[in-house]
Amino acid sequence: MQRRVMSHNPKRFPRRLREAHIDMQLKSGIPNVVKTPSRKYRRRPQNLLQEYNRRQRRFVWLETHIWHAKRFHMVEKWGYKLANFPNDKSFRACYRACKEHCLLQDISYFSCIEIVGELDNILKGLNQLTSTECGLTFGAKCSLQGTRECSTTVFRVKAYPNGVIGTVKFMWKPPGNDSRRTLWVWCHAAYYSELFDELVKVFSLKNIHDCEEMDVDCDANEKSESENSLVSKIPKYTSTDCDVTVSQLKDTLNRFRLTGPLSQPILTDLLRVIDPDKMSVSVTDSTMENSRLSWAHSLLDQPETVEILKKKRDFWDKMKLFTEPSQLPPHSVIPLTVSDPRYHMPQIRTKLVSDSEGQSGIWPLKTIPADFVQDNGMWEPSIRDKSRSEKLSTAELNLIKSDQLVPGACDFDNLAPASYLPVILIQNPGFRPQFTKKGGGGSSWGGGWDVVAPAGWAMPLWLGMAWRGARVGGLRASASMAREAGTLCLPPDSAAGQMCDAAERAAKTDAFFRKPPAKRPNYIKLGIPTPFHRPWKELIRDWNDSENTPSTFCVLRSIAALQNLNSLLQELRNLSSSALNEKLLEIGLEVSSFLVAVNVRMCKRGNLCENSTLCLPLMEDVEKLKENGGFMGPVEPSHVDIYEDERRSARETHQKQMIRLRKKRKAAKDKNSAETLKVLKETTDLKVKEERALMQRLWLPTEIGNLRNGCSREVMGFLENGAFSYKEACSTGQGYVALTALLKFCSHWKTVAPSKYPLILVRSPFSYQYSFAELSIIL
């Protein structure tokens, strides 16, 4: 047996006898069987890089994509391939990380737009996209000095309150000797192109053909500078009316988000701020083997810059005394110049903890000194390119490690050339809970830091944070955090929100019809005409008693109006009828086409889910709850399914037709009649498509009747999302209600004791049971 196997498989021969045996096989006529190359051979770097470039044509990869693809479920969204959720963690692990540890997320799909020009010219154009009724604008005094990042809601040109685009964050470059100012606008990838189109209209922009080129050395794919560098361009546009230049910095900056109390010690241990005294010694010391002047050494030429660097070093040393990010000013911007994070990587994966000893005398910092934001290289494209070009590759660092006699720790500061990078730290204050538990405080939740770094430095920073105990999350964690904080991302009156809803509706409809008929919920009997989307236009139409569906609707964003509504809901218990009418008159809005964002929390058992209906309770429901505290809520009676018999007969008819067509195809196949067989196959495909379209219409009718009075309780809105909240220890969700319905609710109903908030009824799309829930307005 052994000789027989060896005669067929030359690899079982000793190496010195294989060549002769293969020659004998070829002479005897036995073909040489070529085995499939091994996986190691097929995944050679040169072939792997070509495959990576081919797969990035449709959807852009972040620099951390390779790391995420091995550990996360990836999804295609907004033109990117993004990490959705990890394969080894669930919702509770992400919540624990936000509350007690540190949650790390790569949000580099947030794109940046740079606007350069005179301050008056920039504000003159951008003021056409914002409104002071919604909060801060681009000209807010607290942001002009560059010490704070602010957010605002942008609309189409002079279209407020309609035509919303989305919420953006912005930061100004600190003012210098030049009168020109620089503004960075951070925008979500879902409406990035829409916002840029409005900027083109506002400033009358034209493309500059001479775009700056930069080499992005992506260390995740182990690329070399000479052969495997990606060349990307920064498109620039100039204004024809005013001296304003707009640059698209999309995919040229990395942004990471750390959430949780341990984000503070992780950053203070990861980022080693440069010391001007040590740098000056290294410059004067000519005996060092690997001494090299980097872009950071040029900062030592100016005495003012050296003093600022020393202040930043001392400030960063004091930062280690702070235990949480909330001890610093909210939304503060701290620019730093740090050394290569790979030079100080821990030997094993560790978990940093905050040192709480000696913290009693540390008070929260009120302000960040204005000179701290000066002389930051992140604002200069040339410095960002130099920091990337001076970075050593991972292969070079491993070569330096291999030359050490003692394996283990390696002193890169003395063995490797100097390598520095500029970063910007942005403090996130977190959110205060929308609902306050009995006996509980209103402390903020979800605070942390955002780290902005140049392209090419994603993986060194990412691995440095992950190896120090940061737990990584994806898009699902972001949605869970937003729900815990009581916020909404993409509004339904924006183009990005409508596109996202349409894609989600199509996916859920396909999943519904992939199930067999016995496993499909009968939404007609449940009284849910739209189980997979939220018909806002029809809801507005029914509450305005109009026959025609309105062409537009918008979300109420006026801060004054929302505060009046919020105070109105909170004072329902103590207001008389006359005082209530006066409060309603103070709002003074055209309420016909407005939606109001609300938070909902379950009072008793039950789970909230997406597309749940929010309904007005009847007086008998209120009386039953007052008499019986254990009353769960009314039950919706079963509706009549008028399409049930038609579905059954259509399905039987279709099955008979398929049997006859199958017999005809078999007969045509036996007779070898190709033309007849082709016609029968086309007929079969047509019948299948017709039956599928008919079943979709009979299971989910497209026509929507009276949405407001379609059930036993009046429908006032829908939930955008809903799930169990670990922070509230019950099910919570966010959604929208018609403003007309909310005003009717305020004028007819009182808050039911012992609840602190107004009570409404909630029903999930797959249940007949109504449940009581507390309602509050998202401010």
Looking at [X] and [Y], what are the two nearest heavy atoms and their distance?
{"X": "G497", "Y": "L490", "result": "CA-CB, 3.9 Å"}
{"X": "T152", "Y": "T137", "result": "OG1-CA, 4.1 Å"}
{"X": "G527", "Y": "C711", "result": "O-SG, 3.3 Å"}
{"X": "A93", "Y": "R471", "result": "O-NH1, 4.0 Å"}
{"X": "L103", "Y": "C98", "result": "CD2-SG, 3.4 Å"}
{"X": "K727", "Y": "Y95", "result": "CA-OH, 3.3 Å"}

If you round to the nearest 0.5 Å, how far is [atom2] of [Y] from [atom1] of [X]?
{"X": "C609", "Y": "R763", "atom1": "SG", "atom2": "CZ", "result": "11.0 Å"}
{"X": "D106", "Y": "W462", "atom1": "CG", "atom2": "CH2", "result": "5.0 Å"}
{"X": "W449", "Y": "T268", "atom1": "CH2", "atom2": "OG1", "result": "10.5 Å"}
{"X": "L759", "Y": "R601", "atom1": "CG", "atom2": "CZ", "result": "10.5 Å"}
{"X": "Q734", "Y": "L608", "atom1": "CD", "atom2": "CG", "result": "9.5 Å"}
{"X": "L761", "Y": "L775", "atom1": "CG", "atom2": "CG", "result": "11.5 Å"}

Got a donor-acceptor contact below 3.5 angstrom from the [X] side chain to the [Y] backbone?
{"X": "T509", "Y": "R505", "answer": "yes"}
{"X": "D542", "Y": "L707", "answer": "yes"}
{"X": "W543", "Y": "V715", "answer": "yes"}
{"X": "S108", "Y": "R255", "answer": "yes"}
{"X": "Q427", "Y": "H331", "answer": "yes"}
{"X": "N564", "Y": "A560", "answer": "yes"}
{"X": "Y191", "Y": "T167", "answer": "yes"}
{"X": "D621", "Y": "L618", "answer": "yes"}
{"X": "S767", "Y": "S764", "answer": "no"}
{"X": "Q769", "Y": "P634", "answer": "yes"}

Within 6.0 angstrom of K169 NZ, more than 12 heavy atoms from elsewhere
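Yes, the 6.0 Å shell around NZ holds more than 12 heavy atoms from other groups.
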
Around atom CZ of R71, are there more than 12 heavy atoms from other residues, nucleotides or ligands closer than 6.0 Å?
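Enclosed.
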
With no hydrogens and no angle check, do the side chains of T552 and N162 hold a donor and an acceptor under 3.5 Å apart?
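T552 vs N162: no donor-acceptor pair found between side chains.
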
Using 30° and 60° as the class limits, which term best fits the ring planes of [X] and [Y]: parallel, tilted or perpendicular?
{"X": "W78", "Y": "H188", "answer": "perpendicular"}
{"X": "H68", "Y": "F72", "answer": "perpendicular"}
{"X": "W536", "Y": "F553", "answer": "tilted"}

Step through it carefully: locate the ring centre of F532, locate the ring centre of Y523, and say whether they are under 6.0 Å apart.
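Yes.
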
Begin from the C-alpha positions of V154 and F170 and carry the test side-chain contact (heavy atoms from CB on, under 4.5 Å) through to its verdict.
CA-CA 12 Å; V154 292; F170 63 93; over 6 Å; no

When [X] is tested against each of [options] for side-chain contact (heavy atoms from CB on, under 4.5 Å), which residue passes?
{"X": "C554", "options": "F594, F155, Y160", "answer": "F594"}
{"X": "W172", "options": "V333, T147, L183", "answer": "L183"}
{"X": "Y736", "options": "V596, L488, V598", "answer": "L488"}

In the structure I gave you, are the side-chain heavy atoms of [X] and [Y] within less than 4.5 Å of one another anywhere?
{"X": "L614", "Y": "L719", "result": "yes"}
{"X": "F256", "Y": "D450", "result": "no"}
{"X": "K744", "Y": "T740", "result": "no"}
{"X": "R483", "Y": "S725", "result": "no"}
{"X": "C94", "Y": "S480", "result": "no"}
{"X": "F110", "Y": "V452", "result": "no"}
{"X": "L562", "Y": "L556", "result": "yes"}
{"X": "L126", "Y": "T130", "result": "no"}

Could you walk me through whether I777 and L742 satisfy the side-chain contact (heavy atoms from CB on, under 4.5 Å) test, starting with their C-alpha distance in whole Å, then the side-chain angles of each, then the deciding distance to 0.1 Å, before giving a yes or no?
CA-CA 10 Å; I777 295 177; L742 188 62; 4.1 Å; yes

Any ion pair linking E610 and K508 (charged N to carboxylate O, less than 4.0 Å)?
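Salt bridge between K508 and E610, a charged N being under 4.0 Å from a carboxylate O: yes.
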
So that I can tick it off, tell me whether E636 and R713 are bridged by a salt bridge, with the cut-off set at under 4.0 angstrom between side-chain N and carboxylate O.
no

Can you tell me which residue among R557, R534, K537, R156 is in a salt bridge (charged side-chain N to carboxylate O under 4.0 Å, His left out) with D493?
R557

Report the C-alpha separation of Q105 and M481 in whole Å, then their side-chain angles, then the decisive distance to 0.1 Å, and conclude whether the side-chain contact (heavy atoms from CB on, under 4.5 Å) test is met.
CA-CA 12 Å; Q105 294 171 291; M481 289 170 56; 3.7 Å; yes

Under the side-chain contact (heavy atoms from CB on, under 4.5 Å) criterion, do V737 and M716 qualify, and how do the steps go?
CA-CA 5 Å; V737 298; M716 58 187 302; 4.3 Å; yes

